[in-house]
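In what follows, a single structure is set out as structure tokens and then discussed.
Any value given below was found using the heavy atoms of this structure, including those in side chains, with hydrogens, waters and symmetry copies removed.
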Amino acid sequence: MAATFRLKSDMLRYLLILAILIPISTLQVLGQSDSLSIHFVKNELVVRPGEVVNLAYQIENLSADVAELELSFSFPDSWNLITKITEFMVEPGQKKLGIVSLKVEGQTGVGKYPVSIQLKNRQGKQLLAEASMNISVLEIENITLELIEKPTYVSAGDEISASYRIQNLGNTSKNVFINTNNCDVKGTSTLSLEPGASASVQVVKSTSEEAVQSVDESFTVRAQVDERVLKSVYASTVVLPSKKASKDLYFRFPVKASATYLSTNRDNDYQSVLQYQVEGSGSLDTEGKHQLGFMARWPDNSDLSFLGLYDQYYLTYSNDNLEVFLGDKSYSLTPLTESFRYGRGVESKLTLNNGWGVGMKYLQPRFYQEIESELAAFTDFSFKRNNKIGLYYLSKKYQLENDPAQLFSFTSLLNPFKRTSVEIELSHGQFLSKKSNAIRAGLNSQFSIFQFNGVYYDTGKDYPGYYTNSRFYSAGLSVRVSKRISLYANAREDFRNAQLDTFFVTAPYSRSLQGAVSYKTSERSNLKVYWRQYEREDRLIKEKFHYQTDSWNLQFSHRFRKLYYYLNGEIGETTNFLENAGQENQSSYRAAADITYRFNSQHSVRVFGNWSNINRIISDDQRSLLVGMAATSRISKNLRANFYLQNAYDIDDYYRNRNLMQFNLNYSFLRKHEIALRSFYTIFRHQVDDPEFTVSATYSYKLGIPLKQVVKAGKVLGRISNQKGDAVEGVYLRMLNETTVTNKNGEFEFKLVPPGKQLLIVDRARLDVDEIPSIPMPLELEVLDNDESVVNIQIQKGARLNGQLLLGQNKLAALDDKSVKPANIVVELRTDFETFRIATDSDGRFSFPLVRPGEVELRIYGNTVPAGYKPKQSTYTYHLEPGDQKYAEIVLESSKKEIIFKSSGNALSVEKGSMPVVISKRTVKEPSEPDLFYSVQIGAFRKALRKDSKFLKGQSFYFEKQIDSLHKYFIGSFKTLKEAREELEKLKTEYESPFVVIIKNGKVINLIDFRENGKD
């Protein structure tokens, strides 16, 4: 019992001890954790993908014990830890600073990424402390666009197709829009690219089959994100004529003849008429010094419909000093005296080379019956920087008056400063004993952030010019505050009392004042806010409107991919001066939209609308809603169409013709013929309703009148076949600046080739890599005037000649130089037509990969062979068949010579059957050209010159090298530059442009390049 009691007492004692020790040990661990701290120096960092970021951290031991620690880091899986994790100790009270380096993966997306550091006990691996921070990754935008493939040539009428590769090398997803110019995307134009993703883009462009000569068709593809163009790639393809142009050796004057049929239902009565027109405009000589123009249009059908044209006849001639016009047109003198007067007359001007000019005009007005005739004379003088002054005199003879009106005017156009021009006109007029003056002034200037333009007219009460008792002004000022913000202000008032031709109805009188702020919201969008006050008044006898509006306007325009839209809102107050007192004011508003969508380069559509109440207080029968649409389409290469439709017009526009509907169709064929069909549904001027339907059809023919034969030309034609004699189609050939292609029969033709020696080139783009023409290119041809040069070319498989030069073993092996290698030995391959030179590699190997089949001669240049060796023979002959691949292994034999030195005055005798005693032996190197010398190059030719060539002029010492397919000729071998320059001065009297070169190890080096590499 006692023992049992003691056992139980011991167990209780042990349990009590454990109960006390466990909390104490726990407190010790917690105390160690509290006594260690770690934190990052910065709480957040901003980096770019692909960068290495250094994170500084600090550890502090606040305990009285040495801490044995290790670190671990947590970061995104794709990132790399550069710093090696180490174990270390921290003394009591010590602070320790550390740096960890991480590389952010290049495709890391935009956002915040947590990075943490853990501090652990080295023995127990217990977590003692931890710190964390955020690393913000910035956006990287990197879109690449590369042209992968495009045709160099296509035949006229074929489609150009090009492929591109677009790739997103940034770290965010991008919606990329493919914007094109002069071509169309095949498939979708919008691509969604994840980081690292790529896509293929194909564009197509049609060509006209009517082309008769080679043309360069260009196109551009752009990668656009939102409204920013990130990449733009320009490319071009040569379009070859698919049809043969007729041979034309003449210089021709262009003429166009046409006939138009016009029909209308005017006043519910169907009427029709034919009108003819012949016109021409162009040069009378090949230099373009003499210009001629003429037109004859008849009969007059302007009375049938306002869309009809009046008859017109004129003839004009000009050269560098003389201008003459005879016939019908709108004549003008100065803006004050006679600004625009249609009539039949004559004018001429003679301009001297020193800037002086004199001229005259005489006309009889056609659409202003009050004036019987006008006669004018003038002189002007032009001097530096586009400055000009002039004196003018005009006499107007009125129908009801015997005495003419007389006007005198002085004008000046001056440019006193850069980007600043000033224009002034002072005029005096007298008529019926009344005298009056007029003035016109204009200023256009740009400086700093300001731009100003303005014009001012003021004519006296009795001034008998184009305007009488009238004032006109227009002024505008713009200030570019920043790249996005601009300020504008402008004011304008129309003329009154103008002597307008009665055929043209005058526009309404208008006066406006405006101030605006423009803000460029993005690269392709703009917001504009402006205040405007404007007045409009009908000038016809029965006024239909006269009102003034004060309004605030908001305008926004935006071009987004294939869509362009314009929005405008206006709110204000309108005063109707035609209403009774007390009813003239009304709140007004207007909303307008104009949207254009471009499907591709050939088709587009536009819709527009205008909703307003401004017209309601002016004319009760005017609609407040105006909508319409327009569409254009290139249906085929030669067929174009456009369509326009609108439901109504503002009353302000009734002074002119307004088309409610218009449909046009144009078709061209056979290069010289064209048919145009047009239909109109028109409200004619002076009217507000009762539209008329009009149809017109025009046939035009273009012709050229031969003036003289200007081209002497021959023709080059031929056929390309393969080794079997079969035709080879689709091979491109070039001559001068023309390119052609063989047809299905292998035939090609160049027309209008200038006589003389011309080069014909076969483009190897369409040949296989191992194919070669049977005749070396370029081929020189002698083209005769009015004759045909026939060339037949065979395309055959090329041969290949590979080989190796080996150094033979010396008879005495102990004398072999193991460091000598058969490198840089010049090997020449010569055929009947061509010569090729290459140098061996370090192992003596050489290769001629594409050789024209036949007998070839291989030559080894002995002066480039290492000392002590020589080829057994200088040339080797091989016969190569098409497609052959031969290998030549040539051993270079030892050329070491034994030389016996004798005692002076004594002869060595040799007994019969005995060999002579060798006293000494040395190797004699073969003579060769020096490693570096100077020479003078006198010329370079595509073809080697004959020894008796006049160019060489009997030179006794010259040498020739074939470099880059050219035969270059040099004179002299000089050790110093001074000697070479002395020879150069002598040769300058015999040759056009000789120059000094350096020849080092057989290579020709330009003197400037040699010096730039540190040599002299």
Any side-chain donor-acceptor pair under 3.5 Å between [X] and [Y]?
X: S236; Y: S218; answer: no
X: S636; Y: N638; answer: no
X: Q202; Y: S161; answer: yes

Quick one: pull up [atom1] in [X] and [atom2] in [Y] and give me the separation to the nearest 0.5 Å.
X: L779; Y: M735; atom1: CG; atom2: CE; value: 7.5 Å
X: S721; Y: Q794; atom1: OG; atom2: CD; value: 5.5 Å
X: E287; Y: L284; atom1: CD; atom2: CG; value: 11.5 Å
X: Q224; Y: I143; atom1: CD; atom2: CD1; value: 12.5 Å
X: H603; Y: D184; atom1: NE2; atom2: CG; value: 8.0 Å
X: I860; Y: I825; atom1: CD1; atom2: CD1; value: 7.5 Å

Are the side chain of [X] and the backbone N or O of [Y] linked by a donor-acceptor pair below 3.5 Å?
X: S604; Y: R598; result: no
X: T742; Y: V728; result: yes
X: S155; Y: D158; result: no
X: Q167; Y: L169; result: no
X: T190; Y: F177; result: no
X: N664; Y: A641; result: no
X: R252; Y: G704; result: yes
X: T740; Y: F748; result: no
X: Q804; Y: D843; result: yes

Exercise for the section: Given salt bridge (charged side-chain N to carboxylate O under 4.0 Å, His left out), test D726 with K724 step by step and report yes or no. Expected result: CA-CA 6 Å; D726 299 331; K724 298 180 181 179; 5.7 Å; no

Exercise for the section: For the pair Y876 and Y878, name the ring-plane relationship: parallel under 30°, tilted 30 to 60°, perpendicular over 60°. Expected result: parallel

Practice task
On the 0 to 90° scale, with breaks at 30° and 60°, tag the F294-F253 ring pair as parallel, tilted or perpendicular.
Solution key: parallel

Residue pair [X] / [Y]: nearest heavy atoms and the distance that separates them:
X: Y164; Y: I148; answer: C-CG1, 3.8 Å
X: L191; Y: A199; answer: CD1-CB, 4.2 Å
X: F970; Y: S935; answer: CB-OG, 3.4 Å
X: V221; Y: C183; answer: CG2-SG, 4.2 Å
X: N182; Y: F219; answer: O-CB, 3.8 Å
X: L850; Y: G798; answer: CD1-CA, 3.8 Å

Practice task
Just do the side-chain contact (heavy atoms from CB on, under 4.5 Å) check on V239 and I160 with the steps written out, would you?
Solution key: CA-CA 9 Å; V239 180; I160 300 173; 4.2 Å; yes

Counting C-beta onward and ignoring hydrogens, is there a side-chain heavy-atom pair between [X] and [Y] closer than 4.5 Å?
X: D768; Y: I795; answer: no
X: L193; Y: I166; answer: yes
X: S198; Y: R165; answer: yes
X: R734; Y: D763; answer: yes
X: N802; Y: F846; answer: no
X: T220; Y: S232; answer: yes
X: V827; Y: R859; answer: no
X: V826; Y: E828; answer: no

Exercise for the section: Count the heavy atoms of every other residue, nucleotide or ligand shown that sit under 6.0 Å from CD of E149, and state whether that count exceeds 12. Expected result: no

Practice task
State whether the number of non-hydrogen atoms from other residues, nucleotides or ligands found under 6.0 Å of K231 atom NZ is greater than 12.
Solution key: no

Practice task
For E782, check side chain to side chain contact (heavy atoms under 4.5 Å, CB included) against everything at least two apart and list the hits.
Solution key: K757, L784

Problem - Residues in side chain to side chain contact (heavy atoms under 4.5 Å, CB included) contact with H673, at least two apart in sequence or another chain - result: F669, L670, Y699, Y701

Practice task
Check the pair Y861 / R837 against side-chain hydrogen bond (donor to acceptor under 3.5 Å, both in side chains), numbers first and verdict last.
Solution key: CA-CA 10 Å; Y861 277 74; R837 291 192 187 101; 3.0 Å; yes

Practice task
Apply side-chain contact (heavy atoms from CB on, under 4.5 Å) to L892 and L806, showing your working.
Solution key: CA-CA 6 Å; L892 303 177; L806 302 174; over 6 Å; no

Practice task
For the pair E747 and R719, find out whether any cationic side-chain nitrogen is under 4.0 Å from an anionic carboxylate oxygen.
Solution key: no

Practice task
Mind running side-chain contact (heavy atoms from CB on, under 4.5 Å) on K961 and I999 for me, showing each step along the way?
Solution key: CA-CA 11 Å; K961 286 181 175 290; I999 299 180; 4.3 Å; yes

Please identify each residue that fulfils ring-ring contact (aromatic ring centres under 6.0 Å, His included) with [X], with sequence neighbours left out.
X: Y597; answer: F599
X: Y732; answer: Y153
X: Y261; answer: none

Exercise for the section: Check step by step if salt bridge (charged side-chain N to carboxylate O under 4.0 Å, His left out) holds for E159 and K205. Expected result: CA-CA 6 Å; E159 190 175 65; K205 174 178 172 56; over 6 Å; no

Practice task
Dump the intermediate steps for side-chain contact (heavy atoms from CB on, under 4.5 Å) on L759 and M777, then the final yes or no.
Solution key: CA-CA 8 Å; L759 296 179; M777 294 292 127; over 6 Å; no

Handout entry: Any residue meeting side-chain hydrogen bond (donor to acceptor under 3.5 Å, both in side chains) with E674, in chain and number order, not counting sequence neighbours
Key = N666

